[in-house]
Amino acid sequence: MTSHSRSGPGLLSLLPLLPLAPLAAPLAMLAVGAFVLSGCAAGALSAQEGQRKVAGRVFVVTGASSGFGRGVALKLGGYGGHVVLAARRAAVLEEVAAQVRAAGGQALVVPTDVASPEEMQRLAEAAVARFGRIDAWINNAGVGAIGPFEDVPLEDHARIVDVNLKGVIHGSHVALRQFRRQGHGVLVNLGSVESQVPLPYHASYAATKHAILGLDKALAQELRLSGARDIHVTTVMPWGVDTPFWDHAGNDSGRSPRMVALDGPEQTVDAIVWAAIHPGREMPVGWKARGALLSHQIWPGLAERVAANIAHRAQMEDAPPAGDRPGSLHEPMAEGVGVGGTTRARMEREDAARGGAVEAVRLGAHG
């Protein structure tokens with residue numbers, strides 16, 4: 001793992017977790033793990049380093065219309081990178097491309113469904129035809145569905161596998177073939193803390209993220225054994241992040257989608273850009289992800305049980321009722337085109353409304 005010194009989380013970092021006081025011991029283990037791993041974090045490129053190491057290089061970014069993908073594209077463009085933008089929403093990609101160019105980069109729009117191997121092959125060919133090579137390929141596109149496994153339609157499970165796993169396989173295949181031809185390249189695949197710590201009600205998503213980590217480990221060994229020292233594979237593993245993912249996810253839980261202690265997207269965007277320039281092997285993002293992964297290594301059964309209990313309470317007890325929806329699994333949505341999302345703000349409103357309702361009931365009982 002690429003080393004970048006950062007200070008560990010202070011006590012204030014644990015304040016959002018105070019409502020989880022009954023779980024103090026497991027959370028203390030998580031915090032200690034985070035402190036231990038705090039020296040193995042990806043960082044943000046300085047403006048000078050970004051210009052020096054990104055300008056003129058070619059980056060393919062899937063899922064570039066929103067969330068991490070859009071943030072990474074804009075960051076690379078600001079450093080003068082050549083960015084090939086791939087996603088299903090062509091009109092939104094054109095907006096991103098205009099922003100990349102305005103920031104000083106070059107952009108190529110290639111509307112792509114990553115689940116199609118033919119479209120991914122065309123994406124690679126378009127990138128090479130325009131810019132002559134590919135320096136880094138970032139497999140970022142991903143979808144999810146929330147709900148008990150048997151309540152999620154089978155076609156939704158299949159679509160999650162098609163996008164999250166097959167899409168990464170398709171992208172990795174075309175990227176590595178190009179890297180072999182040109183003798184160098186960096187493959188960045190988006191995993192998750194759920195690559196190791198699965199959560200209930202995210203079954204297919206967790207399965208695909210586990211598979212991505214396994215794929216990347218195998219690819220790293222193949223590259224080592226073949227002597228391809230200038231070709232690298234990195235798995236970036238963030239905690240839950242407030243991006244449009246939660247608005248785009250399918251939902252069969254009967255309740256509003258949510259996640260405990262969501263991070264903002266900036267740190268993960270920086271980590272992805274860092275990984276494309278300073279490739280390591282596995283890069284957990286942020287103290288919560290690092291702590292959760294170390295806790296899982298030390299005491300996997302307890303870590304999974306604690307994570308499951310927290311996720312169950314948040315999603316199936318605290319979240320208010322909501323209708324089922326397919327989200328953007330099968331067709332792209334017009335909504336959700338930013339880097340950041342609105343889930344944290346929505347959760348705050350929902351929690352305030354629930355607190356107000358509980359207080360009204362309490363006052364009524366004593367009236």
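Side-chain N or O atoms of Gln51 include one that pairs as donor or acceptor with a backbone N or O of Gly78 at under 3.5 Å. Checked by atom type and distance alone, the side chain of Trp246 pairs as donor or acceptor with a backbone atom of Val241 at under 3.5 Å. At distances below 3.5 Å, not a single donor-acceptor pair connects side-chain atoms of Asp242 with backbone N or O atoms of Gly264. A donor-acceptor pair is defined here as one N or O able to donate and one able to accept, closer than 3.5 Å; such a pair exists between the side chain of Gln182 and the backbone of Ile134. Although no hydrogens or angles enter the test, the distance criterion places no donor-acceptor pair under 3.5 Å between the side chain of His248 and the main chain of Val143. Checked by atom type and distance alone, the side chain of Ser226 pairs as donor or acceptor with a backbone atom of Leu223 at under 3.5 Å. Remark: side-chain polar atoms of Ser172 are paired, donor with acceptor, to backbone N or O of Val168 under 3.5 angstrom. A donor-acceptor contact shorter than 3.5 Å is absent between the side chain of Asn139 and the backbone of Thr62. At least one donor-acceptor pair under 3.5 Å links the side chain of Trp239 to the backbone N or O of Ala261.
Listed by chain and residue number, Tyr205 satisfy the ring-ring contact (aromatic ring centres under 6.0 Å, His included) test with Phe245 (two or more places apart in sequence, or in another chain). In this view, Tyr201 and His312 satisfy the ring-ring contact (aromatic ring centres under 6.0 Å, His included) rule, not counting sequence neighbours. For Lys75, the salt bridge (Lys or Arg N to Asp or Glu O under 4.0 Å) partners are Asp270, not counting sequence neighbours. A search for side-chain hydrogen bond (donor to acceptor under 3.5 Å, both in side chains) contacts involving Arg224 returns Gln221, not counting sequence neighbours.
Inter-residue side-chain proximity for His278 and Lys53 is flagged as met; some heavy-atom pair is nearer than 4.5 Å. A heavy-atom distance below 4.5 Å is found between the side chains of Ile146 and His202. Under the 4.5 Å side-chain criterion, counting only non-hydrogen atoms from C-beta, Val285 is not in contact with Arg290. Looking only at side-chain heavy atoms (C-beta outward), Val110 and Leu85 stay at 4.5 Å or farther from each other. Side-chain contact check for Val193 versus His296: every heavy-atom pair is 4.5 Å or farther apart. Side-chain contact check for Val186 versus Trp137: every heavy-atom pair is 4.5 Å or farther apart. The side-chain heavy atoms of Arg57 and Ile277, taken from C-beta on, include a pair separated by under 4.5 Å.
Listed by first and then second residue, the salt bridge (charged side-chain N to carboxylate O under 4.0 Å, His left out) pairs involving residues 168-191 amount to none (not counting sequence neighbours). The ring pair (Phe, Tyr, Trp, His ring centres under 6.0 Å) analysis of residues 156-177, with sequence neighbours excluded, yields the pairs Phe149-His157. Annotation: side chain to side chain donor-acceptor pair (under 3.5 Å) contacts involving residues 87-97, sequence neighbours excluded, comprise Ser65-Arg89, Ser66-Arg89. Within the structure, the side chain to side chain donor-acceptor pair (under 3.5 Å) test picks out the following pairs touching residues 229-238 (sequence neighbours left out): Asp216-Thr235. Applying the salt bridge (charged side-chain N to carboxylate O under 4.0 Å, His left out) test to residues at least two apart or on different chains, the pairs with a partner in residues 247-262 are Arg258-Glu350, Arg258-Asp351. Sorted by first then second residue, the ring pair (Phe, Tyr, Trp, His ring centres under 6.0 Å) pairs that include residues 101-121, not counting sequence neighbours, number zero. Sorted by first and then second residue, the pairs that involve residues 98-114 and meet side chain to side chain donor-acceptor pair (under 3.5 Å), not counting sequence neighbours, are Arg70-Gln99, His82-Gln106, Asp113-Arg159. Among residues at least two apart or in separate chains, side chain to side chain donor-acceptor pair (under 3.5 Å) pairs with a member in residues 325-335 are Asp156-His330.
With 3.5 Å as the limit, one finds a donor-acceptor pair spanning the side chains of Glu118 and Ser116. The closest side-chain donor-acceptor pair between His210 and Gln196, if any, does not fall under 3.5 angstrom.
Scanning all heavy atoms of the two residues, the minimum distance from Leu293 to Pro284 falls at CD1-CB, 3.6 Å. Between Phe131 and Val58, the closest heavy-atom pair is CB-CG2, 3.5 Å. Heavy atoms only, all atoms of each residue included: Leu76 and Val54 are closest at O-CG1, 3.7 Å. Nearest approach of Lys209 to Ser192, heavy atoms of both residues: CG-CB, 3.9 Å. Of all heavy-atom pairs between Phe68 and Pro238, the closest is CE1-CG, 4.2 Å. Closest approach of Pro148 and Ser253 over heavy atoms only: CD-CA, 4.2 Å.
A continuous path of Ile, Leu, Val, Met, Phe, Trp and Tyr side chains, each step under 4.5 Å between heavy atoms, connects Val188 with Val339, placing both in one hydrophobic cluster.
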Kindly indicate, with the supporting measurements, whether the criterion side chain to side chain contact (heavy atoms under 4.5 Å, CB included) is fulfilled by Asp135 and Phe59.
-> CA-CA 6 Å; Asp135 294 301; Phe59 302 82; 5.5 Å; no

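Within a 6.0 Å sphere centred on CD of Glu317, heavy atoms belonging to other residues, nucleotides or ligands number more than 12.
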